[in-house]
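To start, the structure itself, in structure tokens.
Computed over heavy atoms, backbone and side chain alike; hydrogens, waters and symmetry mates excluded. Residue numbers start at 1 and run along the sequence shown.
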Amino acid sequence: MAVEPGGNLVLLVEDDDGMRAALARVLSVAGYDVRHFASAEAFQAAVGAVPPPRAVCLVLDLRLPGISGLELMQWMKARSFGLPVVMVTAFDHASTHEQARQAGAASCLLKPFAGQALLAAVRGAIEAGVRAGTP
């Protein structure tokens, strides 16, 4: 999937209501359109197997009720979803970060993190996706 001109939609999957609202606010203030979901299942039901037009990145919590962030990434990979992922987690384990990277995450942020760290990770993921030919 090539980047659509004017693409600025960031998809966000985070089960914590307060964290989801805070992340969405940071991204919105930075000029991104944000579509957010409280679970991987809600994401799958709403989005399906093809990224929405203008989607440029997915910010994904690692630990979610039901389908985990890593399982969602495997689901996306099996469908050639082609969207760069920034993984976020509250669990600081080297194996967690390694699992995220092996699954294809562009980066993995440890909660709590500064809004600027999120924006830098999203920009980096988008740029890496553009260089690879897929956002």
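- The two residues Ala121 and Val86 make their nearest non-hydrogen contact at O-CG2, 3.6 Å.
- Closest approach of Asn8 and Gly31 over heavy atoms only: ND2-O, 3.0 Å.
- Of all non-hydrogen atoms in Ala42 and Ser39, the two that sit nearest each other are N-OG, 2.9 Å.
- Residues Leu119 and Leu27 have side chains in contact (heavy-atom distance under 4.5 Å, counting atoms from C-beta outward).
- Checked by atom type and distance alone, the side chain of Ser28 pairs as donor or acceptor with a backbone atom of Ala24 at under 3.5 Å.
- Thr89 and Cys108 get closest at one heavy-atom pair: CG2-SG, 3.9 Å.
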**Request:** Apply the test side-chain contact (heavy atoms from CB on, under 4.5 Å) to residues Gln44 and Leu72: give CA-CA distance (whole Å), side-chain angles for both, the deciding distance (0.1 Å), then the verdict.
**Result:** CA-CA 9 Å; Gln44 289 172 319; Leu72 181 61; 3.8 Å; yes

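- From Leu70, atom CG reaches atom CD1 of Ile67 across 12.5 Å, with rounding to the nearest 0.5 Å.
- Annotation: the span from Gln74 atom CD to Lys77 atom NZ amounts to 8.5 Å, rounded to 0.5 Å.
- Using a 4.5 Å heavy-atom threshold, the side chains of Val59 and Tyr32 count as separate.
- Between Phe43 and Trp75, the ring planes are perpendicular. Angles over 60° get that label, and only those under 30° would be called parallel.
- At a threshold of 4.5 Å between non-hydrogen side-chain atoms, the residues Leu12 and Arg35 do not count as touching.
- Note that the CZ atom of Arg123 and the SG atom of Cys57 stand 11.5 Å from one another [nearest 0.5 Å].
- Annotation: side chain of Leu11 is not in contact with side chain of His36 (no heavy-atom distance under 4.5 Å).
- Under 4.0 Å is where a charged nitrogen must lie from a carboxylate oxygen, and between Arg63 and Glu14 no such pair does.
- A side chain to side chain contact (heavy atoms under 4.5 Å, CB included) with Leu62 is found for exactly one of Gln99, Met87, Met73, namely Met87.
- Counting heavy atoms from C-beta on, the side chains of Val47 and Phe37 come closer than 4.5 Å.
- Taking 4.5 Å as the limit, every side-chain heavy atom of Leu58 sits out of range of all side-chain heavy atoms of Val10.
- Under the side chain to side chain contact (heavy atoms under 4.5 Å, CB included) test applied with Met19, the options Asp16, Asp17, Asp15 reduce to a single match, Asp16.
- Hydrophobic clustering, with ILVMFWY side chains joined whenever heavy atoms are under 4.5 angstrom apart, groups Val34 together with Val56.
- Side chain of Arg101 to main chain of Ala106: a donor-acceptor pair is present (N/O by atom type, distance under 3.5 Å, no hydrogens or angles).
- By the 4.5 Å heavy-atom criterion applied to side chains, Phe113 and Val88 are counted as neighbours.
- When atom types are taken as modelled, the side chain of Glu127 and the backbone of Gly124 share no donor-acceptor pair closer than 3.5 angstrom.
- A salt bridge is absent between Arg20 and Asp61; no separation between the charged side-chain nitrogens and carboxylate oxygens falls under 4.0 Å.
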